[in-house]
Amino acid sequence: MEFLQTMLEVIKRTAPGFLEATVLTLQVTAVALVLGTLLGLVFALMKISKSKILQTIANIYITIIRGTPLIVQIMFLYFGITAVIILDAFWAGAIALGIHNGAYIAEIFRGAIQSIDKGQREASMALGMTRGQSMKRIIFPQALKRSIPPLGNQFIITLKDSSLVYIISVSELFAVANRDAAQSYQPFETYLVVGLYYLVLVMIFTAILRWYEGRLNVDK
Amino acid sequence: MLKATNLHKSFGKLEVLKGIDLEVQPSEVVVLVGVSGSGKSTLLRCFNFLERINQGSIEIDGQVIDAKKQKLSQVRAEVGMVFQHFNLFPHKTVLENVIEAPIVVKKENKETAIAKGKALLEKVGLADKADVYPSKLSGGQKQRVAIARALAMEPKALLFDEPTSALDPELVGEVLAVMKQLAEEGMTMVVVTHEMKFAREVADRIIMLDEGVIIENTDPKTFFENPSNERTRQFISLVE
Ligand SMILES: Nc1ncnc2c1ncn2[C@@H]1O[C@H](COP(=O)(O)OP(=O)(O)OP(=O)(O)O)[C@@H](O)[C@H]1O
Ligand SMILES: [Mg+2]
């Protein structure tokens, strides 16, 4: 009972700061997802293109991103970019997270595109479509639908991974919780509360995703 | 209308077509037979450039097609193809399947395409299925949609690769009936099929392919009653 009492107090005390930070977390995540999806699309198309050069570029990108820790990528990009242009920590963090996601999303798109029966490409080509038309009108719409469950998964990972930009002092949810934990001498309770914040965010996100997947299936 | 001259096609070391000479006249119906692996599908696919040929030439409507200089998509638009497994676009309705290529490839305006598409569906007996998704159709219905889809491009010739092989026996007839009607209307057709009754009744000419060469090229009556090649005789006794 005493514990619940304390928890309620901690939740109340941290609420204003945490809610504000949640907005920032969602913003970092949103930027990262938009950028990651665009990059993922471009690199997936490069990987399945006929050009060896494009394939190699895509492979190098994916290998480097998947082979190094996200936190290193964030630091590298922050100090790398800010040495050249003036960019605040929010954008550096969001872009790093986006580039990171691009590699994983590229693999999701590539897998989905390649899973589409090759009869679809042949039928569209036999009707006179170019490779590009066939991709845009026939292959990609089907691949996108198949990508939605793994993309949703990746989006959830991104939401949680966004906490790592605390390392370059972006005042998102985890950074604020970290500060609070140190100042309040209640680290256990504070981290428990911030964990709950992420959990709720993920659950909301999952629910939206389920609803969307359901709607897609109803169409057919 | 279609003409192959000394056509050679290999997959790696495997030579599948070994010098095919074949001419199909306008409005002619040619049935292509042969045992599995003899190269029937490959030959059809060469005619609309889904496969690249290694040697020889292909003419469409009197024009030699140069795969290096011409846009193959434009050439393919003129020769329709119907596949064994239909290959309908599952994310589009029946009508959308039919009007897709006319709109995207021929830049037809949507109203025109829809009007023509509906007329084609009427023709293959599926006017009531226009707004249904392919997953809701039977195999025979799917194949009739695929035929309507190919016809929507107003092709100069139609290629059929075992159009009824994936169908339940009771659904074969409805597809063959549509094909027979097309033949009567003067469509130039090359048909790979094991339906010997269709070959006998509809074909102007039957061609037997064996290990990548044409070993029989004659009218149906001669083909069945007096074939020149021993392998053809064996084949006929197998399928009949
Ligand atoms: N893309 C390919 N790559 C390699 N080999 C191929 C390819 N397509 C066909 N082949 C081979 O070419 C030969 C002829 O194949 P094809 O599909 O033309 O035969 P078919 O007469 O249509 O046979 P079926 O009656 O089984 O459909 C076969 O030995 C086949 O394995
Ligand atoms: Mg075949």
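Naming: A, B, ... by sequence-line order, numbering from 1 per chain. What you see is a predicted model, and the numbers here were worked out from it, not measured in a lab.
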Which answer fits Gln133(A), side chain, backbone, both or neither, if we ask what part of it has an atom under 4.5 Å from a heavy atom of chain B? side chain
Is Val82(B) in contact with chain A via its backbone, its side chain, both, or neither, using a 4.5 Å heavy-atom distance? neither
Flag yes if more than 12 heavy atoms outside Glu20(A) fall under 6.0 Å of its CD atom; otherwise flag no. no
Does any backbone or side-chain atom of Phe89(B) lie under 4.5 Å from a heavy atom of chain A? Answer side chain, backbone, both or neither. both
Proximity breakdown for Ser134(A) and chain B, heavy-atom pairs closer than 4.5 Å: neither
Which value, rounded to the nearest 0.5 Å, describes the distance between Glu122(A) atom CD and Asn48(B) atom CG? 9.0 Å
By number, which residues in residues 147-165 of chain B have some heavy atom less than 4.5 Å away from chain A? Arg149(B), Ala150(B), Met153(B)
Are Arg137(A) and Glu100(B) close enough, and set up right, to give a side-chain contact (heavy atoms from CB on, under 4.5 Å), and what steps lead you there? CA-CA 9 Å; Arg137(A) 309 272 318 173; Glu100(B) 175 73 10; 2.7 Å; yes
Of the non-hydrogen atoms in Ser73(B) and Met129(A), which two are nearest, and what is the gap between them? CB-O, 3.9 Å
Indicate yes or no: at least one non-hydrogen side-chain atom of Asp117(A) is less than 4.5 angstrom from one of Asn87(B). yes
Taking atom NZ as the centre, does Lys9(B) end up with more than 12 heavy-atom neighbours from other residues, nucleotides or ligands that are less than 6.0 angstrom away? yes
Student check: side-chain heavy atoms of Lys92(B) and Ile138(A) closer than 4.5 Å: yes
Is it the case that over 12 heavy atoms from other parts of the model lie below 6.0 angstrom from the CD1 atom of Ile85(A)? yes
Is it true that atom CG of Leu14(B) has more than 12 heavy atoms of other residues, nucleotides or ligands lying nearer than 6.0 Å? yes
Would you indicate whether Lys50(A), at its atom NZ, is surrounded by more than 12 heavy atoms from other residues, nucleotides or ligands within a distance under 6.0 Å? no
Flag the one option from Thr93(B), Val79(B), Leu88(B) with the top tally of heavy-atom pairs under 4.5 Å to chain A. Leu88(B)
Closest approach of Phe83(B) to Ala126(A) (non-hydrogen atoms, all atoms of both residues): CZ-CB, 4.1 Å
For residues 117-132 of chain B against chain A, heavy atoms under 4.5 Å, the residues are none
